[in-house]
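Take a look at the structure set out below.
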Amino acid sequence: MKICFLVLVTRTPDFRDDVGAEHVRFLDEVRARDQLLITGGFTDKTGGAYVLHNVADRAAAQAIVDADPLLVKGSATATVHEWSTR
């Protein structure tokens with residue numbers, strides 16, 4: 001059993017496409033640190049999700065999410081769920 005963190009992201013009415021590009025760069029940096037397992041957007045354009053792994057605990061996962069430009073610039077909200085995977 002492996003503990004991961006499922007991050008559910010929901011766009012706000014203030015979503016901006018240029019912040020979306022910053023979000024992609026942010027995720028690339030998280031992936032380069034081997035902390036991003038998978039990511040993707042919802043086909044209805046309401047948001048998306050990503051899975052963090054190789055993260056010490058929920059607080060560390062939340063710190064990563066809190067640095068996401070989508071959240072920093074008010075284009076989205078996110079919830080973090082500790083997820084036991086197999």
Describe, in one word, how the ring planes of Tyr50 and Phe26 are oriented to each other, choosing from parallel (under 30°), tilted (30 to 60°) and perpendicular (over 60°).
perpendicular
State yes or no: do Val30 and Val80 share one hydrophobic cluster built from I, L, V, M, F, W and Y residues joined by side-chain heavy-atom distances below 4.5 Å, directly or via other members?
yes
Check side chain to side chain donor-acceptor pair (under 3.5 Å) between Asp17 and all other residues, then give those that pass, not counting sequence neighbours.
none
Considering only residues two or more places apart or on different chains, which pairs with a residue in residues 36-61 satisfy salt bridge (Lys or Arg N to Asp or Glu O under 4.0 Å)?
none
Thr10 side-chain N/O to Gly47 backbone N/O, donor-acceptor pair under 3.5 Å
no
Would a hydrophobic clustering, with Ile, Leu, Val, Met, Phe, Trp and Tyr connected at side-chain separations under 4.5 Å, put Val7 with Trp83?
no
Okay, side chain of Asp14, backbone of Gly74: is any donor-acceptor separation there less than 3.5 Å?
no
Treat each ILVMFWY residue as a node, draw an edge where side-chain heavy atoms are under 4.5 Å apart, and state whether Leu27 and Val65 are in one component.
yes
Answer yes or no: is there an ion pair linking Arg25 with Asp28, defined by an N-O contact shorter than 4.0 Å?
no
Provide the closest heavy-atom pair for Phe15 versus Gly20 in the form atom of the first, atom of the second, distance.
CZ-CA, 4.3 Å
Looking at NE2 of His53 and CG of Leu36, how far apart are the two atoms once the value is rounded to the nearest 0.5 Å?
7.0 Å
Nearest 0.5 Å, what's the OG1-CZ distance between Thr79 and Phe5?
13.5 Å
Closest approach of Val51 to Cys4 (non-hydrogen atoms, all atoms of both residues):
CG1-CB, 3.7 Å
Of all the heavy-atom pairs spanning Val55 and Ala60, show the shortest one and how long it is.
CG1-CB, 3.5 Å
Can you tell me which residue among Thr39, Asp18, Asp68 is in a side chain to side chain donor-acceptor pair (under 3.5 Å) with His23?
Asp68
If you count heavy atoms of other groups shown closer than 6.0 angstrom to CG of Leu8, is the number above 12?
yes
Qualifying residue for side-chain contact (heavy atoms from CB on, under 4.5 Å) with Thr77, from Leu71, Thr12, Leu70, Val9
Thr12
Interatomic distance, Ile3 atom CD1 to Leu52 atom CG [nearest 0.5 angstrom]
13.0 Å
Partners of Glu22 by salt bridge (charged side-chain N to carboxylate O under 4.0 Å, His left out), sequence neighbours excluded?
Lys73
